[in-house]
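Computation of the quantities below employed the complete heavy-atom set of this structure, encompassing side-chain atoms and omitting hydrogens, waters and symmetry-equivalent molecules. What you see is a predicted model, and the numbers here were worked out from it, not measured in a lab.
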Amino acid sequence: LSEWALFSLFGRLNYQFDDRYLLEAVVRRDASSRFGTDNNAGVFPAASVGWRISEEDFMSFSAGWLNQFKIRAGYGITGNDRIGNYNSYTTYRSELGGAAWGRTGADVGSYYPIAGGNTTDGAVGFRRNAIGNTAVEWESTTTTNFGFDMTFFDKFDVMLDIWQRNTEDMLYPQQIPAVAGRATAPSINVGEMKNQGFDLEISYNGSALQNELTYMIGLNVSRYKNELVSLSGNDNEFLQGGTIRGQNFTRAEKGSQFPAFFGYTIDGIFQSQEEADAHPVVTEDPSYNQEGVFKIRDVNGDGQIDADDRGFIGSPHPDYTAGIILSASYKGFSLYTNLFASVGNEVANGVNGMIDFNKFQGNRSTKRLYESYDSPYLSNNADATMPMARINDERDQRPSTYFIEDASYLRMQNLRVAYNFNRLFTNKNLFRNLTVYFHSTNLFTITEYSGLDPEIGASGMNQGVDKGGWPTVRRFLFGLQFGL
């Protein structure tokens with residue numbers, strides 16, 4: 001059983017004068033049970049203004065071709081309380097398990113033998129399940145935007161929004177030392193993040209063949225940049241994403257994106273022992289450098305390879321995204337489709353860490369057989385994309401540019417083709433509508449990403465990390481729609 005409550009009050013003011021000057025203001029107060037009693041309430045105001053310039057007398061010269069020209073601006077603050085229902089409480093739990101049940105790891109229960117033995121028949125005890133934090137407050141996001149709407153010749157529409165969002169007191173699970181036990185860490189307020197970008201929409205509605213053919217073409221383009229402005233009073237503090245097979249692929253720190261990929265830079269594969277011997281030594285494993293293994297870049301130039309040579313090696317954030325919408329109808333036929341493109345985003349292919357290397361038993365990728373250094377199927381080792389196959393390849397599995405791939409893609413999200421047979425009947429009252437249609441989703445995807453799906457569902461600090469989730473389903477649907 002889990003319960004929570006939200007109590008809200010809000011007021012709204014709308015004002016319009018002469019269909020030219022527009023004003024809307026809203027203020028709301030939200031109180032959430034997810035916070036402690038001293039910090040459970042937040043006040044979030046918002047306001048927007050608009051001016052229809054096309055209605056002004058000095059714009060009369062454009063009456064024949066400019067149907068609408070409105071500029072607008074807005075400012076608002078929104079709150080976020082998504083931290084779980086009991087973040088402010090320290091909770092305990094009792095569970096069966098433990099050494100007496102032959103269980104280990106995450107399945108260990110709350111049996112604690114006082115003598116420290118490996119087995120016990122003692123009574124069930126309690127362990128700390130979650131650490132509470134009564135000081136946490138609402139996360140707030142302040143958005144400022146400016147934009148305009150224009151319509152030309154009753155057919156051509158243009159909309160542009162330029163915006164900036166500043167998020168303060170971000171809610172994020174606190175990083176706690178392992179000695180704190182298996183208790184869930186509480187969410188705390190951390191730092192400030194800035195996002196800024198633009199959204200552009202263009203559409204055209206037209207007709208031809210004496211209006212028997214009507215069509216609409218729409219294009220939208222979006223771009224944003226984000227930056228973690230501050231995290232805490234310690235400039236060296238950072239946040240990490242979740243682990244996959246013990247590895248963290250993402251990091252965020254002051255001045256970086258939220259998040260970005262973090263790891264080593266790989267400069268190919270050693271083609272000879274002489275080349276390996278001349279390269280800076282890996283301090284944690286002096287025997288690592290040898291023919292056929294990764295050549296790890298000495299980023300800071302100190303003559304050795306260590307953790308200080310890690311850095312930001314890629315970004316899950318796209319350079320821009322775009323969408324295209326096409327619709328048309330002609331003599332009972334209708335067509336609708338929309339395509340979506342994401343350009344410049346990268347993915348950390350964590351699945352390759354599972355199927356290319358030896359940390360766990362299981363099937364291996366075909367790359368391991370055909371593209372490894374010294375593979376009998378490879379005629380030239382200079383063409384190898386993977387290091388040689390070895391029993392102990394733990395260092396090869398650490399986050400690096402080897403796992404970072406371009407995940408730009410173009411996807412047809414929907415396609416619908418239909419025909420209305422009702423127009424063939426002389427008695428138009430027989431059916432109000434009689435349509436046969438074909439509808440498909442995810443009909444095709446164009447990408448160079450080697451994984452199952454470039455559209456990774458992960459978000460937050462795990463954005464862009466492919467852990468092997470199910471790909472987007474492709475559906476085909478044939479149907480008949482009729483109305484009497």
Side-chain angles (χ1 to χ4, degrees), residues 240-251 260-316 346-407 448-451 464-468:
Q240 290 189 130
T243 61
I244 174 171
R245 297 292 176 96
Q247 306 295 339
N248 300 97
F249 283 92
T250 57
R251 175 180 288 202
F261 301 128
F262 190 83
Y264 294 97
T265 299
I266 304 300
D267 288 330
I269 297 172
F270 290 121
Q271 297 297 307
S272 68
Q273 190 58 47
E274 290 76 14
E275 182 185 11
D277 292 339
H279 196 68
V281 173
V282 178
T283 56
E284 292 182 352
D285 186 4
S287 64
Y288 173 79
N289 287 356
Q290 55 183 295
E291 180 183 352
V293 304
F294 280 143
K295 183 179 182 180
I296 306 172
R297 181 182 298 178
D298 180 16
V299 173
N300 61 8
D302 63 356
Q304 59 185 9
I305 306 297
D306 55 25
D308 292 336
D309 291 303
R310 295 177 301 167
F312 290 104
I313 55 176
S315 171
E346 294 173 306
V347 164
N349 192 339
V351 176
N352 282 348
M354 307 178 196
I355 63 177
D356 288 352
F357 300 103
N358 287 330
K359 187 167 187 178
F360 294 95
Q361 293 181 350
N363 295 328
R364 295 289 172 256
S365 65
T366 55
K367 286 197 305 181
R368 172 50 77 192
L369 178 62
Y370 294 106
E371 300 180 28
S372 296
Y373 191 94
D374 266 354
S375 166
Y377 298 96
L378 196 65
S379 59
N380 186 355
N381 279 328
D383 297 328
T385 63
M386 292 187 62
M388 68 172 66
R390 294 169 296 143
I391 294 177
N392 182 12
D393 56 11
E394 184 275 335
R395 183 162 295 278
D396 298 336
Q397 302 171 40
R398 300 191 181 187
S400 70
T401 52
Y402 171 80
F403 298 98
I404 308 302
E405 299 185 37
D406 179 17
E448 294 185 358
Y449 179 57
S450 66
V465 180
D466 188 350
K467 298 184 178 182

task = Give the minimum heavy-atom separation between Gly292 and Ile269, together with the two atoms involved.
result = C-CG2, 3.5 Å
key: For Asp356, salt bridge (charged side-chain N to carboxylate O under 4.0 Å, His left out) partners two or more places apart   = Lys367
inquiry  = Are Tyr288 and Asp396 packed together at the side-chain level, in the sense that at least one heavy-atom pair is separated by less than 4.5 angstrom?
reply    = yes
Listed pairs under 3.5 Å, donor-acceptor, residues 260-267 side chains, sequence neighbours left out:
{"residue": "Asp267", "atom": "OD1", "partner": "Arg297", "partner atom": "NE", "Å": "3.2"}
{"residue": "Asp267", "atom": "OD1", "partner": "Arg297", "partner atom": "NH2", "Å": "2.8"}
{"residue": "Asp267", "atom": "OD2", "partner": "Arg297", "partner atom": "NE", "Å": "3.0"}

ask   = Which value, rounded to the nearest 0.5 Å, describes the distance between Phe249 atom CZ and Asp466 atom CG?
value = 10.0 Å
ask   = What distance separates Arg398 CZ from Phe403 CZ, expressed to the nearest 0.5 Å?
value = 11.5 Å
task = Could I get the full list of side-chain hydrogen bond (donor to acceptor under 3.5 Å, both in side chains) partners for Arg245, not counting sequence neighbours?
result = none
task = Please determine, by modelled atom types, if Thr385 and Glu371 share a side-chain donor-acceptor pair under 3.5 angstrom.
result = yes
Flag if over 12 foreign heavy atoms under 6.0 Å of CG, Asn363 = no
key: Between CD on residue Glu284 and CZ on residue Arg395, distance to nearest 0.5 Å   = 5.0 Å
ask   = When rounded to the nearest 0.5 angstrom, what is the spacing between CE in Met386 and OH in Tyr370?
value = 14.0 Å
task = Write down the atom of Ile313, the atom of Ser400, and the distance for their closest heavy-atom approach.
result = CD1-C, 3.5 Å
query = Say you draw a straight line from CD of Gln247 to CD of Glu394; how long is it, rounded to the nearest 0.5 Å?
reply = 6.5 Å
inquiry  = Suppose we screen for salt bridge (charged side-chain N to carboxylate O under 4.0 Å, His left out). Which residues come up paired with Glu275, at least two apart in sequence or across chains?
reply    = Lys295
inquiry  = Pair Phe357, Arg368 - check side chain to side chain contact (heavy atoms under 4.5 Å, CB included), show working.
reply    = CA-CA 8 Å; Phe357 300 103; Arg368 172 50 77 192; 3.5 Å; yes
query = Does the His279 side chain pair with the main chain of Ile296, one donor and one acceptor, at a distance under 3.5 Å?
reply = yes
ask   = Side-chain contact, heavy-atom cut-off 4.5 Å: Ser450 with Asn349?
value = yes
key: Backbone N/O of Val281 and side chain of Gln304: donor-acceptor pair under 3.5 Å   = no
request  = May I ask you to check whether Thr250 and Asn248 show a side-chain donor-acceptor distance below 3.5 Å?
outcome  = no
message = Restricting to side-chain hydrogen bond (donor to acceptor under 3.5 Å, both in side chains), what partner residues turn up for Asn381, sequence neighbours left out?
response = Asp374
ask   = If you take all heavy atoms of Asn289 and Pro280, which pair is closest and at what distance?
value = ND2-O, 2.9 Å
query = With side chains defined as the heavy atoms from C-beta onward, is the minimum distance between Phe270 and Gln290 less than 4.5 Å?
reply = no
request  = Scan for salt bridge (charged side-chain N to carboxylate O under 4.0 Å, His left out) pairs involving residues 299-309, sequence neighbours excluded, and state none if there are none.
outcome  = none
message = If you compare all heavy atoms of Glu291 against all heavy atoms of Ala276, which two are closest, and at what distance to 0.1 Å?
response = N-CB, 4.1 Å
